[in-house]
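Okay, here's the structure, questions in a sec.
Residue numbering restarts at 1 for every chain, and letters A, B, ... go by the order of the sequence lines.
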Protein chains: 2
Amino acid sequence: MVRWKPGARERLQAAALERFAAQGFDGTTVAEIAATAGLTERTFFRHFADKREVLFAGQDEFERLFLAGIEEAAGSDPMAIVAAALEGATAFFPDERRAWSRARQRVIDADPGLQERELLKLSGLATAMTDGLRRRGVDPTAAALAAESGVAVFRVGFATWIGEGEERPLAEVLRAVLAELRTLVTTPQA
Amino acid sequence: MVRWKPGARERLQAAALERFAAQGFDGTTVAEIAATAGLTERTFFRHFADKREVLFAGQDEFERLFLAGIEEAAGSDPMAIVAAALEGATAFFPDERRAWSRARQRVIDADPGLQERELLKLSGLATAMTDGLRRRGVDPTAAALAAESGVAVFRVGFATWIGEGEERPLAEVLRAVLAELRTLVTTPQA
DNA sequence: GACCCTGATGTCAGCGACTGCCATCAGTAC
DNA sequence: GTACTGATGGCAGTCGCTGACATCAGGGTC
């Protein structure tokens with residue numbers, strides 16, 4: 001006989017998303033999530049550092065994809081490397097995941113606390129990208145700027161991809177947004 | 001006889017920054033801040049929505065400067081308008097404020113929770129700028145991109161301005177960073 | 001002067017997030 | 001069989017934060 005059912009972590013994540021969607025983030029207690037997953041509050045906090053984190057697990061994998069894109073990119077032009085990183089990260093969001101991403105994003109968009117956490121994650125991503133670029137010999141300030149721009153492109157692109165009616169795969173959307181950034185910044189000032 | 005000394009809000013802010021710098025954000029309780037300011041915990045929460053917010057009051061004024069820059073900018077090129085907004089916002093950070101900004105930033109950089117809040121504020125700024133640009137007829141996606149880029153430039157520039165040994169005024173640093181962004185994105189890919 | 005109203009504060013009770021400490025007990029190794 | 005490990009539960013306690021109610025100086029009204 002097994003003492004505990006396996007997959008506690010996954011059960012907690014599923015229970016949390018379901019509850020948050022139904023009653024809101026603030027309207028859901030950790031004890032409630034744990035009970036839904038057949039566990040206790042104490043166990044929840046052994047799997048996730050805090051209540052918000054339950055929605056952001058797996059982010060490490062996402063960051064690793066980004067960095068892999070940077071490592072493997074050819075050439076030394078910062079924005080070209082960033083473009084490669086963006087390309088690599090799209091593997092984390094296949095089309096099958098779009099509906100799930102939408103649901104998760106709805107929950108996040110409804111709570112400032114969750115938005116904070118999301119921003120922190122993206123900021124960490126930018127920092128990691130900056131380091132990766134610098135390791136490839138890019139000038140420090142240029143690296144920071146390129147990384148921040150890359151994350152900005154991702155944000156705008158991801159929001160578009162999530163948007164109603166949008167059907168293009170993420171990679172295609174990101175390429176379009178990046179092209180738009182180039183146009184925007186290149187256009188002579190009025 | 002006065003029942004309460006005036007300037008409770010300012011006293012709380014000063015006490016908080018002093019304590020945070022001395023014992024860290026987590027190592028300081030709200031009750032302690034309030035006591036230092038000669039008040040109670042309950043009163044603290046009447047002035048600030050939460051413990052973090054005590055370091056971010058006055059942000060509205062900052063945002064207003066940004067928006068004013070957008071309203072008053074000439075021409076219709078998005079990045080030119082953003083440049084004007086950046087220019088306008090520098091009024092919020094005269095050179096006399098550099099030392100204070102450094103101290104405050106040290107506290108923020110030492111605590112992830114405070115970084116989250118800072119990011120949320122900057123994100124709100126980007127959203128406000130996006131709206132401002134759209135109101136001026138800029139294409140929605142271009143507006144979002146231009147605003148995000150503008151905030152990225154501000155972030156990088158502000159960090160530089162705060163940096164050790166840096167002596168140029170913020171406006172000058174921001175102009176340099178913006179120029180660098182243009183170069184970066186314009187450079188042909190390798 | 002008596003009256004009332006307002007506004008900033010204090011007091012208190014209570015919830016929920018989070019942590020430290022110790023107990024439990026199936027499975028595994030030896 | 002004994003010892004060890006690892007995921008969990010139980011419990012007490014701190015702290016952030018909120019709602020409800022009380023207090024009391026100052027200002028206005030009559």
Side-chain angles (χ1 to χ4, degrees), chain A residues 1-57 107-108 110-118 120-121, chain B residues 1-57 107-108 110-118 120-121:
Chain A
M1 161 164 182
V2 275
R3 176 147 187 221
W4 349 272
K5 291 198 284 189
R9 191 183 178 82
E10 290 69 26
R11 259 155 48 220
L12 285 169
Q13 293 184 63
L17 182 55
E18 181 258 322
R19 286 284 162 177
F20 292 163
Q23 340 167 169
F25 181 76
D26 272 342
T28 308
T29 68
V30 172
E32 198 176 344
I33 298 170
T36 305
L39 296 164
T40 60
E41 188 183 6
R42 191 67 188 83
T43 298
F44 178 96
F45 286 111
R46 285 208 182 83
H47 285 279
F48 306 101
D50 59 50
K51 186 182 172 187
R52 301 173 193 171
E53 201 61 22
V54 70
L55 282 180
F56 295 89
V107 171
I108 293 176
D111 185 275
L114 291 172
Q115 291 162 39
E116 284 187 343
R117 182 55 49 85
E118 184 177 40
L120 186 67
K121 296 288 183 183
Chain B
M1 164 172 180
V2 275
R3 176 149 189 219
W4 348 276
K5 290 199 284 191
R9 190 184 179 85
E10 290 70 24
R11 260 154 48 218
L12 285 168
Q13 291 183 61
L17 182 55
E18 182 259 322
R19 287 283 162 177
F20 292 163
Q23 342 167 168
F25 181 77
D26 271 343
T28 308
T29 67
V30 172
E32 198 176 343
I33 298 170
T36 304
L39 296 164
T40 59
E41 188 182 6
R42 192 65 186 82
T43 298
F44 177 97
F45 285 111
R46 286 210 182 83
H47 285 280
F48 306 100
D50 59 50
K51 186 183 171 187
R52 300 173 194 170
E53 201 61 22
V54 69
L55 283 180
F56 295 90
V107 171
I108 294 176
D111 186 274
L114 291 172
Q115 291 162 39
E116 285 187 343
R117 181 56 47 86
E118 183 177 40
L120 186 66
K121 296 289 183 182

| Hey, are the side chains of H47(B) and T43(B) touching, using non-hydrogen atoms and a 4.5 Å cut-off? |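 Yes. Closest side-chain heavy atoms under 4.5 Å.
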| Is A49(A) touching bases, backbone alone, or none of the nucleic acid, heavy atoms closer than 4.0 Å? |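 Counting heavy atoms under 4.0 Å across all strands, the contact made by A49(A) is with sugar-phosphate only.
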| Within the structure, does a side-chain N or O atom of T40(B) lie under 4.0 Å from either OP1 or OP2 of dG10(C)? |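 So the side-chain polar atoms of T40(B) do come within 4.0 Å of the phosphate oxygens OP1 or OP2 of dG10(C), strictly under.
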| query | Taking atom C1' of dG16(D) as reference, at what distance in whole Å does atom CG of L114(B) sit? | reply |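 Nearest whole value for this atom pair: 14 Å.
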| First encountered from the 5' end of DNA chain D, between W4(B) and F45(B) |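 Nearest nucleotide further toward 5': that of F45(B).
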| query | Any sub-3.5 Å donor-acceptor pair from R11(A)'s side-chain atoms to K5(A)'s backbone N or O? | reply |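 Looks like yes, one N/O pair under 3.5 Å.
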| Counting only side-chain N and O atoms of T43(B), is one of them less than 4.0 Å from OP1 or OP2 of dG10(C)? |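 So the side chain of T43(B) is within the cut-off, an N or O lying under 4.0 Å from OP1 or OP2 of dG10(C).
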| message | Strictly below 4.0 Å, N to O, side chains only: are E53(A) and K121(A) in salt-bridge contact? | response |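 So E53(A) pairs with K121(A) through a salt bridge.
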| field | Phosphate OP1/OP2 of dA8(C): any H47(B) side-chain N/O under 4.0 Å | value |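 So the side-chain polar atoms of H47(B) never come under 4.0 Å of the phosphate oxygens OP1 or OP2 of dA8(C).
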| Side-chain donor/acceptor contact of R46(B) with base of dG7(C) under 3.5 Å |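 Answer is no: no donor-acceptor pair is held.
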| field | Nucleotide nearest K51(B) (side chain, heavy atoms from C-beta), chosen from dC17(D), dT8(D), dC15(D) | value |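 Taking heavy atoms from C-beta onward, the closest nucleotide is dC17(D).
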| request: Over all heavy atoms of both residues, which pair between P112(B) and A110(B) is shortest? Give the atoms and the distance, please. | output: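 Heavy atoms of P112(B) and A110(B) come nearest at CD-O, 4.1 Å.
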| Between the base of dG20(C) and the side chain of R42(A), is there a donor-acceptor distance below 3.5 Å? |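 Answer yes: a donor N or O sits under 3.5 Å from an acceptor.
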